[in-house]
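Let me begin by presenting the structure, written as structure tokens, before commenting on it.
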Amino acid sequence: MNHRPPGGNRRGGPRGAAREERVAVVLYTADLRVHDHPPLRSALAEADRVVPLFVRDPAVDAAGFAAPNRLAFLADALADLDAALRERGGRLVFREGPLVPEVLAVAAEAGADDVHMAAGVSRFAAEREERLRRALESAGRRLRVHDAVCTVLEPGAVTPSGKDHFAVFTPYFRRWSATAPRAVLGAPRSVPVPDVGSAPLPSPQVAGRSPGLAPGGESAGRERWRRWLADGVDDYEDRHDDLAGDATSRLSPYLHFGCLSAVESAERARRRGGAGAEAFVRQLAWRDFHHQVLAARPRTAFEDYRERGDRWRGEGPEVEAWRAGRTGYPIVDAAMRQLLHEGWMHNRGRLLAASFLTKTLYVDWRIGAAHFLGLLVDGDVANNQLNWQWVAGTGTDTRPNRVLNPLAQARRFDPNGDYVRRWVPELADAAALPGGRVHQPWKAADGERPDYPGPIVSLDEGSARFRDARHLD
């Protein structure tokens, strides 16, 4: 039973008495949109007025969120959400401080009975949700948590017999594909908001942000999705690994912040149909897969999902060269420099950079994951950490000892060297290193070698080190 505090808003009352209006709070976290938003639509259906609330919680920053690129993108997204709510007669209430007391204060100020929010999957999100639930119940209020707001299917929606999650993607994908998601919800026409105080929204001018960072917000995300659905998705199956072609959707930041709905994205892609749309939906399933693994095994955010007995190497000059894009392997360096400039990296580049660090340099995956989280605008715990573990061979990959050879990968996915020339200006002169020769600049004649470092390790040496560490010989 939901107990309300004395004097709280109530429906009904004695026959003939005036009905007091009911108020609910919608607590936004990683779901910064008005389209297909179950917490907002549920609150509007049950209450007369709602308080759309975002709390800038210092605990979230302390947990690693406060990377400049994500803070700048967040500021864009909050401003866009506020504008969308104002178009519907409402506004976003912004507060700064520890989340639980701030939510309690807003609920008391508004006289709200219920607080609606999206479910999270990380250990941090689960603990935050439990603290908020207990505090609201002590105050006579109720927390309403909604599933499948940030994913297509909620973690635990499909499970293998006798287990709490799928550890291998292919059987998960079969079950995921056969399970109908919830219905897509339209954006509300009206969002009436009571008179509740708000702090000013944060500025997007954040020191240290990448110069090529994409704009944040639901409007930008929906426009990018509209253009890509019209012009790009049909070729996605054939071109998603084409580094120079840049033919991926680039929607991951908008999905990460919830500016786009994963449910709506899957529904629209399925409606479009074709091999490209099916390949895109499969990527959404991978995203859900990692969320269900993390929800079942929260410690995989920082511990091996499958222990391999690794004796990882740590920090050192090779790691610094990798971070700076100065490994001497142009395809790896191009990917790392794209990350520095855009706060984003092509997915094939992510695989190459991660394989080089963990398999060729044999450096702890946690070092690479932390660097990515410091720069990626779409960096979240589930996808970042578990993708790193997949590449490192400590995660769910069924071939844990595979090594991506950067030269073979370059020949396959950047055969003319256009991606390298775009991101490594030292190698941009096509006359000196034409075509695919750019991938091995150390083979240029002495007088033609560019001002670019030689390889920090030979591939044979790296392979031997990894095979010895994993006892593969």
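- Applying the side-chain hydrogen bond (donor to acceptor under 3.5 Å, both in side chains) test to every pair with at least one member in residues 327-338, sequence neighbours left out, gives these pairs: Thr327-Asp333, Asp333-Tyr452, Arg337-Glu426, Gln338-Glu342, Gln338-Tyr419.
- Taken from CG in Leu40 to CZ in Arg88, the straight-line distance is 9.0 Å, to the nearest 0.5 Å.
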Which is it for Phe289 and Gln292 under the side-chain contact (heavy atoms from CB on, under 4.5 Å) test, yes or no, and what are the steps along the way?
-> CA-CA 5 Å; Phe289 174 75; Gln292 59 98 40; 3.2 Å; yes
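- With respect to the salt-bridge test (charged N to carboxylate O, under 4.0 angstrom), the residues Arg366 and Asp304 qualify.
- A salt bridge is absent between Glu278 and Arg282; no separation between the charged side-chain nitrogens and carboxylate oxygens falls under 4.0 Å.
- Proximity of a side-chain donor or acceptor of Asp80 to a complementary backbone N or O of Ser219 within less than 3.5 Å is detected.
- Under a cutoff of 6.0 Å and an axis angle of 45°, Arg250 and Trp228 do not form a cation-pi pair.
- There is no side-chain donor-acceptor pair under 3.5 Å between Thr394 and Trp388.
- Within the model, atoms CG of Leu375 and CG of Leu339 stand 4.5 Å from one another, a figure rounded to the nearest 0.5 Å.
- The aromatic rings of Trp423 and His341 sit tilted relative to each other, their planes meeting at an angle between 30° and 60°.
- Applying the side chain to side chain donor-acceptor pair (under 3.5 Å) test to Glu264 and every residue at least two apart in sequence or in another chain returns Arg222.
- Cation-pi geometry between Arg348 and Phe413 is met: under 6.0 angstrom from the ring centre, within 45 degrees of the axis.
- Checked for salt-bridge contact, Arg91 and Asp82 miss the test: no charged N lies under 4.0 Å from a carboxylate O.
- Using bins of under 30°, 30° to 60° and over 60° for the plane-to-plane angle, the ring pair Phe173/Phe169 lands in the parallel bin.
- The aromatic rings of Phe372 and Trp322 lie parallel to each other, their planes meeting at an angle below 30°, with 60° marking the opposite boundary.
- The ring pair (Phe, Tyr, Trp, His ring centres under 6.0 Å) analysis of residues 59-85, with sequence neighbours excluded, yields the pairs Phe73-Tyr254, Phe73-Phe257.
- In summary, Asp114 and Arg141 do not engage in a salt bridge, as defined by a charged side-chain N under 4.0 Å from a carboxylate O.
- Here Asn387 contributes atom CG and His290 contributes atom NE2; the two are 4.5 Å apart, rounded to the nearest 0.5 Å.
- Applying the side chain to side chain donor-acceptor pair (under 3.5 Å) criterion to Arg182, with sequence neighbours excluded, gives Asp36.
- Listed by first and then second residue, the ring pair (Phe, Tyr, Trp, His ring centres under 6.0 Å) pairs involving residues 100-139 are His116-His146 (not counting sequence neighbours).
- A donor-acceptor contact closer than 3.5 angstrom links the side chains of Asp31 and His37.
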Derivation of the side-chain contact (heavy atoms from CB on, under 4.5 Å) call for Leu284 and Ser265 = CA-CA 9 Å; Leu284 292 175; Ser265 298; 4.2 Å; yes
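- By the 4.0 Å N-to-carboxylate-O rule, Asp378 lies close enough to Arg350 to be salt-bridged with it.
- Around CZ of Arg412, the count of heavy atoms belonging to other residues, nucleotides or ligands within 6.0 Å does not exceed 12.
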Begin with the C-alpha distance, continue with both residues' side-chain angles, and end with the deciding distance and a verdict on side-chain hydrogen bond (donor to acceptor under 3.5 Å, both in side chains) for Trp344 and Ser252.
-> CA-CA 9 Å; Trp344 184 88; Ser252 55; 3.3 Å; yes
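- Electrostatic pairing of Arg297 and Glu303 does not count as a salt bridge here, judged by no charged N lying under 4.0 Å from a carboxylate O.
- The salt bridge (charged side-chain N to carboxylate O under 4.0 Å, His left out) check on Glu320 picks up Arg323, with sequence neighbours excluded.
- Side chain of Asn69 to main chain of Leu376: no donor-acceptor pair is present (N/O by atom type, distance under 3.5 Å, no hydrogens or angles).
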Please report the C-alpha distance between Glu102 and Arg56 in whole Å, then the side-chain angles of each, then the deciding distance to 0.1 Å, and finally whether the salt bridge (charged side-chain N to carboxylate O under 4.0 Å, His left out) criterion is met.
-> CA-CA 10 Å; Glu102 290 295 336; Arg56 174 75 188 278; over 6 Å; no
